[in-house]
Amino acid sequence: MSSAASSAASSAAGSAANSADANLYELFRSRFPADRSRPFIMTDGGPGLSYGGLEEMVGRMARLLSGLGLAKGDRVAVQVEKSPETIVLYLAVVRAGGVYLPLNPAYTRAEVEYFLTDAEPRVFVCKPETEEALRPAAEAAGVAHLLTLGTAGEGSLMERAHGLDPDAATVPAGPDDLAAILYTSGTTGRSKGAMMSHRNLASNALTLHRAWGFGPDDVLLHALPVFHTHGLFVATNVTLLNGTGMIFLPKFDADQVMRLLPRATVMMGVPTFYTRLLQHPGLTRAATAHMRLFISGSAPLLADTHREFAGRTSHAILERYGMTETGMLTSNPLDGERIPGTVGFPLPEVRLRVVDGDGRDLGREGIGSIEVAGPNVFSGYWRMPEKTKQEIRPDGFFITGDVGKIDGRGYVHIVGRAKDLIISGGFNVYPKEVETVIDALEGVVESAVVGLPHPDFGEAVSAVVLRKAGAAGPDEAAVIAACKEQLANFKVPKRVFFQDELPRNAMGKVQKNLLRDRYGATFGG
Ligand code: AMP
C-alpha cells in the first residue's frame, strides 16, 4: 500500500485497527453483546449459534489451528458448502493469525489444484465427499493438514476441535498483516489472489456499518454465498460489528426468503434475488412493511427492477458498488435519493476518480476508467508483483477495470467493464448504452451486448435479448430499428439473438465470455 493510502487508512479504520493489536477478530469481539446468549446465527429450523457459542467455537478452533502449527501469515484454504461452521472457521483463522482463503465449492479438481499450488496453504479444509479426490493435489502442493467439514458440521475439523480449551489467545496482528486472500473470478487469464489486510476489512466494515445505519434491532437475512466478498465480508462483518443476529440460509430460495422475511429488517442480495422476488406473488407492501433496508450489489441492478420493486413494496432498493480487491466503494444514500441505475456516492474514506487513457482526471460527466484509493483497497495480488504494479498506480490508486462516470450531482454510474468495451470500426461502444435502449423496449426483460469478431469492423456490436414470457416482444428487425432511432449507427447491433436466459455466475453477473464463445463465428471473423 502507498504511504498516502496507508495514512488515510490509519485515520479511518478506528482505534481498534490502529492499536498495536489490529487483529480483526478483536475488533469484532469488542462489539459482541454483553449478553452472550444473544443470537448470532439463526437458521431455518436448525440449531442456531449465540455469541457465546461463537466465541467458544472460535476459541477451540483457533487452538486446533495453532496446534497444527499454523504460524502468522500461513494460509488456510477452504472449499466447503455454506454452514455456520464456515463462519467459525473464518474467524478462527483470523484469530490464530492465519490467512483465510475461501474457494467456490463449484471449482473443479483442476482449479483447486491451481489454487493450492499458488497459495501453498498449510491447512486445507474440504467437503468430506471430496477428500479422497483432492488428497493428491493437496499432497503435491505441500499441504500439511487436510481436514473435512460437511454442511451439518460433520467431518474431521469439528471432531478435532471438540473438547479443546476454548480460551485461546488471539495472535497479535498489525493493520497491514494479511487476514484473507480472495481469488478473483477473472474471466480471462489466471485467477489472481487479492491480498486483504486486517485494516482493509476493518475499515470497510466500520464504514458500511455507519453508512447503512445498523442498530441494535437489526436482523440481517443472509442468503449469499460465503466464499465471496459480498456474503463473507459485507454481510457477515457488518453483522459482527453490530453484535446482532443474521438469518443464515444455505442459498437463495424465494419461497423460503418470503417466509422468513418477517423476522428480518435488512436484506443484502445480488440483483437476481430481487428479480426472483418480483416473480413471487407474496411480495407486497404488507409483507415487507417491517423491513428497514434492501441492499443490492455485485452486478448491475436494472433500473426497471428498482422501479418495479418500489412499486410493489414501496422500498427503494439501495444499490452499492464494490469489488473483491477493494471491498465496497460507493453506495446510494441511506437518507437521500436512491437513484435507479446509479451506484451512489463514494463512501467516506474512499477516493474515487474517473480518468482517461492517459490517467488524466475527467472530473464530472466524463466517461472513463474508474480508479480508487482508501484504507479498504488491497495491497496487491498474491505472488504477482508485476500484475500488482500494472493495476495500482504509484499514487496508490487502483485501476478497477470498470468504466463509468460521476454525474453533475456526484452519483457514480457504471457503464461497463473496460474489457467489455467494444471497438467496432475504430469506434468505442459501451455495451451499457446499447443495453439501456434495448431494455426499455416493450416485452424485453434484459439484454447483454457484446462485440463479436468481424472481418471488416474488428468487432461487430451484437445483442443477446431475453424477452418477457408470454408477451409479444420485439423481433430482431424491431430491436435494430429501435436502436437506429436512438443511437449512432456504429452502436446499432448488427445481429440480435434471443435466449430464454442469460448465463450468470454465482454472484449474478452475466458471463459475457460465454456469449462471445457461443456466437463467435457469426460473422466469420
Ligand atoms: P467481484 O470482485 O466479483 O465482486 O466483482 C466486482 C465487479 O462487479 C466490479 O468491478 C463491477 O464490474 C461489478 N459490480 C459490482 N457491483 C456492481 C453494481 N452495483 N453495478 C454494476 N457493476 C457492479
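Every number for a ligand or one of its atoms is a count from 1 in the order of the listing. What you see below is based on every heavy atom in this structure, not just the backbone, and it leaves out hydrogens, waters and symmetry mates.
Annotation for Glu442: atom CD does not count as buried by contact number, only 12 or fewer foreign heavy atoms lying within 6.0 Å.
At a heavy-atom distance under 4.0 Å, only side-chain atoms of Val343, from C-beta outward, approach ligand 1. Contact annotation for Ala299 and ligand 1: only backbone heavy atoms (N, CA, C, O) come within less than 4.0 Å of the ligand. Residue contacts with ligand 1 for His230 are absent, since no atom lies close enough (heavy atoms, distance under 4.0 Å). With a heavy-atom cut-off of 4.0 Å, Met507 does not touch ligand 1 at all.
Using cut-offs of 30° and 60° on the angle between ring planes, the pair Phe457 and His454 is tilted. Classification of the Phe248-His222 ring pair by plane angle, with boundaries at 30° and 60°, yields tilted.
Taking distance alone, with nitrogen or oxygen atoms compared against 3.5 Å, Tyr321 stays at or beyond that limit from ligand 1. At least one N or O atom of Arg320 sits closer than 3.5 Å to an N or O atom of ligand 1.
Residue Asp402 places a heavy atom under 4.0 Å from ligand 1.
The option from Arg417, Lys509, Met323 that lies nearest to atom 8 (O) of ligand 1, judged by heavy atoms, is Lys509. For the residues Gly322, Pro300, Ser331, Pro271, the heavy atom positioned nearest atom 21 (C) of ligand 1 is part of Pro300.
Using a 4.0 Å cut-off between charged side-chain N and carboxylate O, Asp176 and Arg199 make a salt bridge. Under the 4.0 Å criterion applied to side-chain N and carboxylate O atoms, Glu435 and Lys512 are assigned as salt-bridge partners. Ion pairing of Arg504 with Glu446 is present here, as a side-chain N (NZ or NE/NH1/NH2) and a carboxylate O approach within less than 4.0 Å.
When side chains are defined from C-beta on, Asp304 does not count as touching Asp439, because their heavy atoms never get closer than 4.5 Å.
For ligand 1, the atoms lying closer than 4.0 Å to a non-hydrogen atom of His228 are 1 (P), 3 (O), 4 (O). The atoms of ligand 1 that sit less than 4.0 Å from any heavy atom of Glu319 are 18 (C), 19 (N), 20 (N). Taking every heavy atom of Thr324 and a limit of under 4.0 angstrom, the matching atoms of ligand 1 come to 1 (P), 2 (O), 3 (O), 4 (O).
Among Phe227, Trp382, Tyr183, the single residue meeting the ring pair (Phe, Tyr, Trp, His ring centres under 6.0 Å) criterion with Phe115 is Tyr183.
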